[in-house]
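Inspection log for the structure reproduced underneath, given as structure tokens.
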Amino acid sequence: MTKQMKFTSPPKSIEELKHRMDLIAGLSLGEIADELEVEVPENLLVDKGWGGQLIEAYLGATAGNLPEPDFQEIGVELKTIPISSEGKPLETTFVCVAPLSPVLGETWKTSTVFKKLQHVLWVPIVSDKHIPIPHRQIASPFLWRVEDQDESVFESDWNELTDLIVYGKHDEITAKHGEHLQLRPKAADSSVRTSGIDREGKPVLAPPKGFYIRTSFTKQLLNQQFQLEN
DNA sequence: GCGTGATCATTG
DNA sequence: CAATGATCACGC
């Protein structure tokens, strides 16, 4: 994504964000790219985050790569979610990286996962593989709060995964752990290492992992949202 | 090098 | 063909 990207000023209220949500519903990625005067990539092979960054720029997200919600002033996290034309999620949703060294005094409520999922603007994009990128269309964006839905599941998933990290067992964690949240590799390649602790509590280097939301959860979220719309 | 934005590619 | 594990670009 690119250097000459124009930025919309950040929304100052939820109401203003909602207004922008109405404006982008139904737009194609090509239309938005035209307005922002950026080029659309042929495919996402070498620009996987392009769509998300395009929408961020268009809606005025400001958090950059800080581990904070995208819309800092109003505490809202933006997540694009690729969906099929039938409305099913096509990918899991990345939330944030997981610290492989325990954070002193960390709890679910103080975690980065909670901070990000506290208030989320979901922007579904119809992204069937056969649809050229510029023709991919934004469906109806909607707001969601984890505290209104399944928070206990997210919390126990977070506790389970965090416990394993605390006991130095991050190397035993696979994507199979967790009902809604899972931990999967998150790095440029398999040679990357980050600092963690082993079972004795000593520092070790290990492959970085990130928290992701399973498609089984976003599928029910989208279904429920679809019911509301119809 | 780390965390952001994610999707790709291989496996079961 | 869904799920897991691996990977790509960017900003700082």
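Just so we're on the same page: letters track the sequence lines, and every chain starts at 1. On a predicted model such as this, the values are computed, not experimentally measured, just so you know.
- Here B/dT4 presents its C1' atom at 17 Å from CH2 of A/W50, a figure rounded to the nearest Å.
- Between the P atom of B/dA6 and the CD1 atom of A/I213 lies a distance of 11 Å, rounded to the nearest Å.
- In this structure, of C/dT7, B/dT4, C/dA3, it is C/dT7 that holds the atom nearest to the side chain of A/A187.
- With contacts defined as side-chain heavy-atom distances shorter than 4.5 Å, the pair A/D171/A/R199 qualifies.
- The 5' end of DNA chain B is approached more closely, in terms of each residue's nearest nucleotide, by A/K116 than by the other of A/K116 and A/S127.
- Atom pair A/L181:CG and C/dT4:P shows a separation of 13 Å (rounding to whole Å applied).
- At a non-hydrogen distance threshold of 4.0 Å, A/G64, A/N65, A/L66, A/P67, A/D70, A/E77, A/K79, A/T80, A/P82 from residues 62-86 of chain A come into contact with DNA chain B.
- Residue A/Q53 contributes atom CD, which lies 9 Å from atom P of C/dC10 at whole-angstrom precision.
- A side-chain donor-acceptor contact under 3.5 Å links A/D189 to the backbone of A/S191.
- Put simply, CD on A/E42 is 18 Å from P on B/dT7, counting in whole angstrom units.
- Using bins of under 30°, 30° to 60° and over 60° for the plane-to-plane angle, the ring pair A/W122/A/F142 lands in the parallel bin.
- The nearest whole Å value for the distance from the CZ atom in A/F94 to the C1' atom in C/dC8 is 14 Å.
- Without hydrogens or angle criteria, A/E16 side chain to A/K12 main chain gives a donor-acceptor distance under 3.5 Å.
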**Prompt:** Between A/I32 and A/I138, is a side chain to side chain contact (heavy atoms under 4.5 Å, CB included) present by the stated rule, with each step listed?
**Reply:** CA-CA 10 Å; A/I32 294 177; A/I138 297 178; 3.5 Å; yes
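- Here A/E42 pairs with nothing under the salt bridge (Lys or Arg N to Asp or Glu O under 4.0 Å) rule; sequence neighbours left out.
- Side chain of A/K88 to backbone of A/N223: no donor-acceptor contact under 3.5 angstrom is found.
- DNA chain C lies under 4.0 Å from at least one heavy atom of each of the following residues of residues 162-179 of chain A: A/T174, A/A175, A/K176.
- The base of C/dA3 lies outside donor-acceptor range of the side chain of A/Y212, with no N or O pair under 3.5 Å.
- Applying the 3.5 Å distance criterion, the base of C/dG5 shares no donor-acceptor pair with the side chain of A/K186.
- Side-chain atoms of A/H170 come within 3.5 Å of backbone N or O of A/I197 as a donor-acceptor pair.
- In this structure, the side chain of A/E151 does not engage the main chain of A/V146 through any donor-acceptor pair within 3.5 Å.
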Hey, can you pull the donor-acceptor pairs under 3.5 Å for the side chains in residues 203-216 of chain A, sequence neighbours left out?
| from | atom 1 | to | atom 2 | distance (Å) |
| --- | --- | --- | --- | --- |
| A/K209 | NZ | A/I173 | O | 3.2 |
| A/Y212 | OH | A/P185 | O | 3.2 |
| A/R214 | NE | A/G178 | O | 2.9 |
| A/R214 | NE | A/E179 | O | 3.4 |
| A/R214 | NH2 | A/A175 | O | 2.5 |
| A/R214 | NH2 | A/K176 | O | 3.3 |
| A/R214 | NH2 | A/H177 | O | 3.1 |
| A/R214 | NH2 | A/G178 | O | 3.1 |

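- A close approach under 4.0 Å does not occur between any side-chain nitrogen or oxygen of A/Q182 and OP1 or OP2 of C/dA3.
- Rounded to whole angstrom, the span from the CD atom of A/E56 across to the C1' atom of C/dC10 amounts to 11 Å.
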Nucleotide N/O to protein N/O under 3.5 Å, stretch nucleotides 8-12 of chain B:
| from | atom 1 | to | atom 2 | distance (Å) |
| --- | --- | --- | --- | --- |
| B/dC8 | OP1 | A/K129 | NZ | 2.7 |
| B/dC8 | OP2 | A/K129 | NZ | 2.3 |
| B/dC8 | O4' | A/K48 | NZ | 3.3 |
| B/dC8 | N4 | A/E91 | OE1 | 3.2 |

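- Projected onto DNA chain C by closest heavy-atom contact, A/K88 and A/D189 fall at different nucleotides, the more 5' of which corresponds to A/K88.
- The backbone N or O of A/L59 lies less than 3.5 Å from a partner atom in the side chain of A/R20, making a donor-acceptor pair.
- Applying the ring pair (Phe, Tyr, Trp, His ring centres under 6.0 Å) test to pairs two or more places apart or on separate chains, those with a residue in residues 178-209 of chain A are A/F154-A/H180, A/H180-A/F217.
- One finds no side-chain N or O of A/K209 lying less than 4.0 angstrom from the OP1 or OP2 phosphate oxygen of C/dT7.
- Put simply, CZ on A/R193 is 10 Å from P on C/dA6, counting in whole angstrom units.
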